Amino acid sequence: MACCLLLKAVKHTEVLALVHGKSIMEVCIFFFYAMILLPGIAASVHQVKSFLNHTAYLSCYFPNSQKTDIKDLRVFWQKGDMEVVHEVYYGQEKHDNLSPKYINRTRMDMDKWTLQLLNAGILDEGQYRCIIQHRDKGSAKVIHTSECLLHIIANYSQPEIAWLHTGELKPSKYLNLTCSSSGGYPEPEQMTWLISHENKTSRLTHHMDVSQDAVTKLYNVTSKLNITVPTNTRTNISCLLHLGGQLGSLVSVPLGIEIQEEEMEQVKTNFFGPLIAVIVLITLLLGLVILKKKRNISSTNQSVSLAV
């Protein structure tokens, strides 16, 4: 694989011209030993993260301890085995062999030995290799290689809670909610529901539905919650989206719920109903007593009048 990769790197260059009399196998052996024996050749893969549609910075990690002039070096960037990303040919940028998708999208910072990939997209994710050759006394040899693994990040929207039912909430019934977030990348790990009441918080992890847009490659996620309606205390419900890795988490605006039990409402009704009935009855009795007194007074006055 390394042999084929480096053969791609030196296609149409002086190295092939110098070895034109040798077989392909000899060229492969040359590059194989160069990869293994030359000092300064890196074996580790450097992790690089870049936001979607921003510039990605891919470093060659070349110390250049010998202070070699760029005019004596050939710097070549390649993605995978086939795509030529950028080439600096002894001090001059060369575009003849670039893959079409990278034309006018790359720049090389010669001072920092860093490739700038403009408007990085999800399809640009992958492994990139930097190869540096040094021209010394007419011949060229590989003096440094390094690899970067590019990861693209797109911010998810703040998770949002929505009701799945209409009408009034009642005790002992079920509360149906969804929590959704969209437009992010890469795929998140999971979504957790947080239910807080009386200084206690419960965590529930339910199934998370994941869909990916066929064009943008961005993800949309949704989780559902189905619990008994909480009563007698204020309850706050939130959802937490775990993005994974070192990307952290996103939390929704809490949904507050406070409902009294139906039994308490019945007690209030049962209490006030008889009380009102008693008040009405007392009022009627008082009315009868007053009416009776008035009649007695009226009868007494009539008797006195007749006696006179």
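Worth saying up front: this structure is predicted, and the values here are computed from it rather than measured. Worth knowing before you read on, the calculation uses all heavy atoms, side chains too, and leaves out hydrogens, waters and symmetry mates. Sequence positions, counted from 1, serve as the residue numbers for this chain.
Counting only heavy atoms from C-beta outward, the side chains of Pro188 and Val221 approach each other to under 4.5 Å. Side-chain contact between Gln66 and His134: absent, with no pair of heavy atoms (C-beta onward) separated by less than 4.5 Å. Residues Asn226 and His206 have side chains not in contact (no heavy-atom distance under 4.5 Å, counting atoms from C-beta outward). Ile143 is listed as a side-chain neighbour of Leu73, based on a closest heavy-atom distance under 4.5 Å. Side-chain contact between Cys148 and Tyr61: present, with at least one pair of heavy atoms (C-beta onward) separated by less than 4.5 Å.
By the criterion of side-chain heavy atoms lying less than 4.5 angstrom apart, applied directly or through intervening Ile, Leu, Val, Met, Phe, Trp or Tyr residues, Ile152 is not grouped with Tyr57; the two fall into different hydrophobic clusters. Taken together through direct or relayed side-chain contacts under 4.5 Å among Ile, Leu, Val, Met, Phe, Trp and Tyr, Leu58 and Leu118 form parts of separate hydrophobic clusters. Taken together through direct or relayed side-chain contacts under 4.5 Å among Ile, Leu, Val, Met, Phe, Trp and Tyr, Leu204 and Leu240 form parts of separate hydrophobic clusters. By the criterion of side-chain heavy atoms lying less than 4.5 angstrom apart, applied directly or through intervening Ile, Leu, Val, Met, Phe, Trp or Tyr residues, Tyr156 is not grouped with Leu194; the two fall into different hydrophobic clusters. Cluster annotation: Trp163 and Ile227 are assigned to the same hydrophobic cluster (Ile/Leu/Val/Met/Phe/Trp/Tyr, side-chain heavy-atom contacts under 4.5 Å, transitive).
Remark: the backbone N or O of Gly183 is paired with a side-chain donor or acceptor of Asn220 at under 3.5 angstrom. Remark: the backbone N or O of Arg74 is not paired with any side-chain donor or acceptor of Arg135 at under 3.5 angstrom. At least one donor-acceptor pair closer than 3.5 Å links the side chain of His144 to the backbone N or O of Cys60.
Using a 30° and 60° split on the angle between ring planes, Tyr128 and Tyr102 fall in the perpendicular class, above 60°. Relative orientation of the Tyr219 and Tyr185 rings is parallel, given thresholds of 30° and 60° on the angle between their planes.
Between Met208 and Glu189, the closest heavy-atom pair is CE-O, 3.8 Å. Between His86 and Thr106, the shortest heavy-atom distance links the atoms ND1-OG1, 2.8 Å. Between Met108 and Val75, the shortest heavy-atom contact is CE-CG1, 3.8 Å. Pairing each heavy atom of Ile161 with each of Trp193, the nearest pair is CD1-CZ3, 4.0 Å. Here the closest heavy-atom approach between residue Asn236 and residue Gly256 is recorded as OD1-CA, 3.5 Å. Taking all atoms of both residues into account, the shortest heavy-atom contact from Ser223 to Met191 is CB-SD, 3.5 Å.
Side-chain contact annotation: Thr192 with His242, donor-acceptor N/O pair under 3.5 Å present.
Shown here is Glu160, whose CD atom has no more than 12 heavy atoms of other residues, nucleotides or ligands within 6.0 Å. Around CD of Gln92, the count of heavy atoms belonging to other residues, nucleotides or ligands within 6.0 Å does not exceed 12. Asn104 CG: 12 or fewer foreign heavy atoms inside a 6.0 Å radius.
Among pairs with a residue in residues 208-235, none fulfils salt bridge (Lys or Arg N to Asp or Glu O under 4.0 Å), at least two apart in sequence or across chains. Sorted by first then second residue, the side-chain hydrogen bond (donor to acceptor under 3.5 Å, both in side chains) pairs that include residues 108-118, not counting sequence neighbours, are Arg107-Gln116.
A disulfide is assigned to Cys239 and Cys179, since their SG atoms are nearer than 2.5 Å.
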